[in-house]
Structures are given as structure tokens and as C-alpha cells.
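Single-structure report; data block below.
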Protein chains: 2
Amino acid sequence: MLAGQKDEGRCRRLPKRQARDGGPDRPRRDAKKADAVPEPRMAFGDRRLTSRDVAALAGVSQATVSRVLSGSDLVKESTRQAVLRALETTGYVVNVSARTMRSGRTGVIGVVVTHMTNPFYPELLEALSNAIHASNHRMILWDGRQDGEADAASAIRERAVDSVIFTTATPASRPLREALEQELPVVLVNRSLRGVRCDSVTTDNLAGSRAVARYFIDGGRNYVAAIGGLRGTSTADERLQGFKSGLAGTGKGGATLVATTSVDWSYEEGVRAFNEILESRTVPDAIFCANDVLAFGAMDAARARGFGIPDDIWFAGYDDIAIAGWGAYDLTTIRQPLRPMAEQAVNMALHRLAEPGRAPQRSRLTSELVVRGSTANYASSAVSAAS
Amino acid sequence: MLAGQKDEGRCRRLPKRQARDGGPDRPRRDAKKADAVPEPRMAFGDRRLTSRDVAALAGVSQATVSRVLSGSDLVKESTRQAVLRALETTGYVVNVSARTMRSGRTGVIGVVVTHMTNPFYPELLEALSNAIHASNHRMILWDGRQDGEADAASAIRERAVDSVIFTTATPASRPLREALEQELPVVLVNRSLRGVRCDSVTTDNLAGSRAVARYFIDGGRNYVAAIGGLRGTSTADERLQGFKSGLAGTGKGGATLVATTSVDWSYEEGVRAFNEILESRTVPDAIFCANDVLAFGAMDAARARGFGIPDDIWFAGYDDIAIAGWGAYDLTTIRQPLRPMAEQAVNMALHRLAEPGRAPQRSRLTSELVVRGSTANYASSAVSAAS
DNA sequence: CTGAAAGCGCTTACAG
DNA sequence: CTGAAAGCGCTTACAG
């Protein structure tokens, strides 16, 4: 149903069949070739069936086979049937690169992920994979480190993919910026880039983290701290900002805010940041962490120091990855709507392919607060964090 | 360095440059075209630079440009320089599908993953991604559920990928079996398939789980239980078998072995399995879980029932995913060598492309026992599990 | 060392 | 409704 990809998309799955011996009446491709022509290298078997072979068997032109394949309605029903039969008996499979060369569409969408092993990303990735395949595309995946961003941008230029979805947008990313300047078809998901107009899908980080702050205050917390994410990323900045704004005027926040700029949003950084908070002065009675994984690290560090959760300290995270629901953490957090995010991102990518000149779209989705045992359970769970 | 992919591989990264206006002397493609020819649809911009344009600028034939691009040594140095200059000023980028159509190589390796959100797979996936990109290929990723296996096999037939690496091999998988029967270039990693000859990389699950059993016994455990993985998969079967064999003759195992056949190797199954064990009779004093995630579930279930770890019950897992090292679990487990597994798998894939007829290769790597706080720390960590 | 030319396997106007 | 033909942009013998 998505725009821009219908009949010119990737091949439709044809009925497969043992393609090895298509019967004696199937013209062997070799037989038609002039003797001088060398055999092309083949990866396996000796099959290499083209639509011309199918046409010969069906007694029609190759063009007609192509029309049947693409679902054209310019084909007489009886002809179509004959072609379908030939397709079936030969076990013909389209050659994607030939199709791509003609149509200009690869049927492939790229995805760049930076920290595949941060459990948030596999969850997002799974949602993206589902959305991409649902739209009848395939997905090329890059690791954002290891030059993945640059290669993803190259892949667009090389026409190896139709479009690329970036799940991480660091301001420092040259390849991304260049891709955007050249107006390559790119979508940002989960993060946005300051001052850059491009298609993006984000969630309302300000509202989400503000909801956490209010929840802490409403719960009677008095000395509240925060562990920030990677400074400079839109998610980290917004979540810290939203949290501070939720605390504003309450006098509960103080200057305890610790940002983990160093490396990433990892468990280890959560441990480190918690210990850093402890060094400062008063022990906080509630800590907001800019993502769940940081919270896990901080919680384990707190327990290692003998603090009770939530008796001594409340913890809240962000993302609601599956582990947040596990008994060991049972973490109050903000749930991001991954499926809608992924679907919208893929939609945007396809829309832009269909209409390259359209104005950049920005979508911002709402998240919800999920209350669990890492905070006193005074409120019911799943409160919308809509501002 | 890997075989089968050198100059016919994916494009080499050419120096990029603002490709939009290559200067007045660069022949505009449009100008050369007969008026009647319709404009091809273009995804963005109006650039569409071919090697022919580069040739014109360099004053050579298109074939010579192609030779320079492919690193042929059949080019005079001064000619090469002229072409390189033209390449530079035009910002030419190869068209991958045209190259693929001629060369028969896509430069893409497929990967099928079944449970992307089980943290083991992102770790394996990251290793595969690194290995694939290191060999100058790109990676198409499929979710094994959602028809991913079937589509991956189709992708080989459609020549959209050169080869596919399956990280999950269920005996029930039709698409996989058919692909193997048709001798499509496929590699199995982490699991093998009974009675099927094909390239595969596994680890020695028998030795690994036997090491856990011995470790339990040596630690004086008396009533030992196990939580199995998805029955029918080679990893689950081997781990259970190895564990039993390690217990054989000690009288410590009993019939408590609980296999979670139902759904998957998930946290929830770990919880369920632990509770099932409790119902049976004596509480075990050590439980081996067929992967780490099952162990996390079982440990949380145990704690919820008030059991101490390791005071009341020891736990051991399998895989050594990152979470196993987190404070909340601190899990003794068997570490799988992901990087070598991934590298060997990619190597096998490339070797088979280079030499389709070669005999199937099987590689079996050694894992090691990593001792942590979920068991009494009587032995030093990182003991090789080599039988 | 270089160019002209064939051809990879499709899609798509164009002309019936 | 159908076929003949052009052409997508490369690679690679072949003939100098």
C-alpha cells in the first residue's frame, strides 16, 4: 500500500520449483549461444533461466512474460495463463540486478545502527525489519561505527539501495551531513539533527522526561539526580532538558546532574556515573537515567554500595527495553513506541522516493510512563507522558 | 584477502566530490541523448554520471575507465592518471547493479537471524557485520520469523545476494532444507543440521556443557538440574546431552532435567522452567541453563521465591552475553568465541563462491568456562572447556 | 596498452 | 493485446 513501490519494486515471489531440470522441452540456454561465447562464471549448478526461456516455452515474446511478471493488465487472460504455466514449469526466478538496472529501483532500504549490542537497537531494528519487509523491500544493515555511515551514503550513490534510515544522528557525522546536503534520500529515526531539514521520526523526549520529573516530585522525592546520555545527541540533550524543566521551581534538582559524555550510553557508564554522583555530596533519593541501560548500571552500582531500591533510591530509565521488565531491575521507564516509529520511518523513505521534491517531514510521537518496582508504586502504570 | 572477491567485488570507494555540477566541460548527459528518449525517473537531483562521461573527459574509451576502476594493470600510467583526474573532477560513482549484471557478483552477503532481541544475536550479528564489511561486502539482514528464511533463499536465486549465512537452523525449516538441496551457497553458523552436509561453524557444545557439569560436581553440588533450550535444535540437544554426560556416574543429576520446548529460549521460559523444577520435588542446589537468558529468568524466579544465589542455588548459563557480566546476574557461563565464528562463516561463504564444487566444511570451535558470582568462586575464571 | 563491440537480463515506450 | 527493439551501465574477450 505504500507509495512509490508497486510494480516496479522488487520481484514478486514466483512459485518455486525444482529449477534444475525443467524438462526436455525447456530450451537450454547454452544451446542458443554462439560457440565462441565463453561460459559465464556461475556460483552453483548450471541453471540460468531467463524470461526469454519462459517466453519460448509459453510461445510468446519475452516482453509479454515481463508484463505478466509485473502484473500488467495489458495481457489477455489466456496468454497470462500460458505464461504462468511456463513460469511454473521452468521455476523461473527474476534477476534482480537486471530489473534494478532498468527500473532504477533496488528494492533495498539501508539501515544504519550504531550500537547493535545496546538492547534498544535490536528492538528498533526488529521493528524496522518488519516494516521494511512488509513494504516488500529488503534491508541492508550497517554498523554506524566501522565506517558504516559513509558506506551507507556511498550505497545510495552507487544505487545499491534506494534510501537509508539512520537510527543514530551524531552532529559530528560527516557522511550524514554530506548525504543531507546532497539531498540523498535519507530518514532519521529516534534522533534529529539541529538545524538540518530532513525527514525524521522522533519521540517527544521533553515530555517524557518531564513526566519522570513530575512523577518523582509527586512521589515526594527531595533530592533528585540525573544521569545523562551521550552529550550532543538530540535524545540526550532533550531528555536532560525535559527533566530539568520538570524540576524547575521545585527546588529538588540541584546541580547534581551528571552527564556521561565520555563514551556511550552503556552499562559501564551507568556504574561510573552513579559512583560519581555519590562522591558529590548528599545521596539522592531518586535518579533519572537517560536510557534503561544506564539505569541498570546505576542500579547495580547502588546495590553494590548497599542501597535499597526503591527504599533508599528510586530509579527511572528511558526506552522500556525488554530487560526493564525483568525481575532483577523492574524498572520504571518511558516506553517508546517502536513499531509506529519504524513504520513511519519506512513510510517517509518510500514517500520521498515517490516524490523527491517534497518538503521534509518531521514526525514526533508520544511516549508513555511505565511505572514499576524501581520506584514506589503509588501510581498506576502506563500513564501517558503527553505534555 | 579473502578468496573469491577481489576486483570483481563491490565497487571500490571512489573519491567523492560535489557531483552536482561537474563544471562546464563535463558533458551533460541529457545533451547527448536523442530528444525522443524519455527522462528516466530519478530519485533525486539530476545527476547521472556514467563511466562514459568520465571517459569523454579523460579523452579515453569507456573500457579504459572501467580498467582503471577495476585496478587492471593493462593501463599505461599516464593514462591512468588522466582517468583518475577525470574521476576526481566528475565525482563519478559506479552503478552497482550494472556491475552486478555483468560480473555476476552482488557483493552482498545475506544473514538470517531468528531472535534479534535475544541479546546473543546482536552480539553475533555485530561480529558478522564486521567480518562481512571487512571482506568488502555488504549485509542484507532477515528476520528468521516473518518468512525471512524463505526470502533469503529467494534472494540467492534472484541474484540479489551472493550467499546467505543462517544463524539459526531449525530442522523444521523448509526453505533452508530446499536451499541446501539445491546447493545454494549457504553457511550455517552456531547450529548444524543433522544429516545435512553443508558448510557450518559451530562451537563444541558437548564439551562446554560437560565442563559445567564437572564444575558443579567438583564444587560439591548434590542435586543438579538443567533447563534446556528449544528442543530439536542442535545447540539445545548437544548442551543437554553434554551436561548429562558430565553428570553420568555421579548420581547427582536425577531426572529433574526440564526442557523448555514450548516457544523459545527466552527469559519468560526461564522463569517458567524454574517454577516447574520447584514443583517436582527436592530443590536443586545447582541449575544449568542452556543459554544465559534462560538463566536470568530462572535466577529472578529463584530470588522471587527467596532463594539465595549462590548460597542456596548455583546457576550457570551458556553464551556469555554482556548482561551475564552485569552486577544483577554475575553469571557463570560458557563463553562462545563470536568473532572467530563470524570470521570463519564469512570465509566459508566466500570460499564456496570461489569454488562452488568444494566439499562442505565443518568447523567446530572451543568455548571456555567463565566463573562468576552465581556459583561459589572456588576456581579461577576462564577455564578452557576443551574436552 | 587501447578501443570497438558484444552482451549481462530485464522494462518500456512504440508501433501495430 | 502483442512483439520488435532500444537501452539501463557496466565488464571483458577480441583485435589491434
Side-chain angles (χ1 to χ4, degrees), chain A residues 7-11 29 32-42 48-56 58-80 82-83 92-107 158-160, chain B residues 7-11 29 32-42 48-56 58-80 82-83 92-107 158-160:
Chain A
D7 290 336
E8 26 172 281
R10 172 164 109 245
C11 74
R29 184 156 205 303
K32 309 169 35 181
K33 292 210 285 193
D35 285 325
V37 177
E39 269 305 288
R41 278 148 301 142
M42 279 178 290
R48 177 157 289 196
L49 201 58
T50 74
S51 56
R52 209 166 289 279
D53 300 319
V54 177
V60 299
S61 75
Q62 184 270 331
T64 296
V65 173
S66 182
R67 288 196 188 94
V68 171
L69 248 26
S70 68
S72 163
D73 50 359
L74 297 172
V75 183
K76 190 164 56 174
E77 187 51 29
S78 61
T79 310
R80 180 191 310 279
V83 171
Y92 168 80
V93 175
V94 76
N95 179 313
V96 164
S97 56
R99 168 173 289 178
T100 295
M101 174 134 69
R102 274 297 326 201
S103 69
R105 284 292 181 86
T106 63
E158 295 168 10
R159 312 200 173 253
Chain B
D7 290 337
E8 27 173 279
R10 171 165 110 245
C11 76
R29 186 154 205 302
K32 310 169 35 183
K33 292 212 285 194
D35 285 324
V37 177
E39 270 305 289
R41 279 146 300 141
M42 279 178 290
R48 179 157 288 199
L49 201 57
T50 74
S51 57
R52 211 166 288 278
D53 300 319
V54 177
V60 299
S61 73
Q62 184 269 332
T64 296
V65 173
S66 182
R67 288 196 187 95
V68 171
L69 249 26
S70 68
S72 163
D73 51 359
L74 297 172
V75 184
K76 192 165 55 173
E77 187 52 30
S78 61
T79 309
R80 179 191 310 280
V83 170
Y92 168 81
V93 175
V94 76
N95 179 312
V96 163
S97 57
R99 168 173 289 179
T100 295
M101 173 134 70
R102 274 297 327 201
S103 70
R105 283 293 180 86
T106 64
E158 295 168 10
R159 310 198 173 255

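Letters go in sequence order (proteins before strands), and every chain restarts at 1.
With a cut-off of 3.5 Å on both Watson-Crick or G-U wobble distances, the partner of dA13(D) is given as none. Checking dA4(C) for Watson-Crick or G-U wobble geometry (two distances, each under 3.5 Å) identifies no partner in any strand.
Two residues, Ser61(B) and Val65(A), neighbour DNA chain C, and the one matched to the more 5' nucleotide by heavy-atom proximity is Ser61(B). For the pair Leu74(B) and Ala98(B), nearest-nucleotide mapping onto DNA chain C gives the more 5' position to Leu74(B).
In this structure, Asn95(A) atom CG and dT11(C) atom C1' are separated by 13 Å, rounded to whole Å. For Arg52(A) and dC10(C), the CZ to C1' distance is 9 Å, given to the nearest whole Å. Remark: P of dG9(D) and CG of Leu69(B) are 15 Å apart, rounded to the nearest angstrom. In this structure, CD of Gln62(A) is placed 14 Å from P of dA6(D), rounded to the nearest angstrom. With rounding to whole Å, Arg105(A) atom CZ is found 16 Å from dT12(C) atom C1'. Look at CZ on Arg99(B): it is 20 Å from C1' on dC10(C), rounded to the nearest Å. Distance, Arg159(B) CZ to dC10(C) P: 10 Å, rounded to whole Å.
The phosphate of dG3(D) (OP1 or OP2) has a side-chain N or O of Thr64(A) nearer than 4.0 angstrom.
Here the side chain of Thr100(A) pairs a donor or acceptor atom with the backbone of Arg105(A) at under 3.5 angstrom. Counting only distance, with no hydrogens or angles, the side chain of Thr79(A) and the backbone of Val75(A) share no donor-acceptor pair below 3.5 Å. Counting only distance, with no hydrogens or angles, the side chain of Thr64(B) and the backbone of Val60(B) share no donor-acceptor pair below 3.5 Å.
Considering only the side chain of Arg67(B), dT12(D) comes nearest among dC10(D), dG3(D), dT12(D). With dG9(D), dT2(D), dG3(C) as the candidates, the nucleotide lying closest to the side chain of Thr79(A) is dT2(D). Considering only the side chain of Met101(A), dG9(C) comes nearest among dT2(D), dG9(C), dG3(D). Among dA5(C), dC8(D), dC10(C), the nucleotide with an atom closest to any side-chain atom of Ala63(B) is dA5(C).
Among the atoms of the strands shown, base atoms are found under 4.0 Å from some heavy atom of Ser66(B).
Shortest non-hydrogen contact noted between Thr50(A) and Tyr92(A) is C-CE1, 3.4 Å.
Side-chain polar atoms of Asn95(A) and Ser97(A) form a donor-acceptor pair below 3.5 angstrom.
Nucleotides dT12(D) and dG16(D), compared at atom C1', are 16 Å apart to the nearest Å.
Remark: the Arg102(B) side chain and the dG9(C) base include no donor-acceptor N/O pair separated by less than 3.5 Å.
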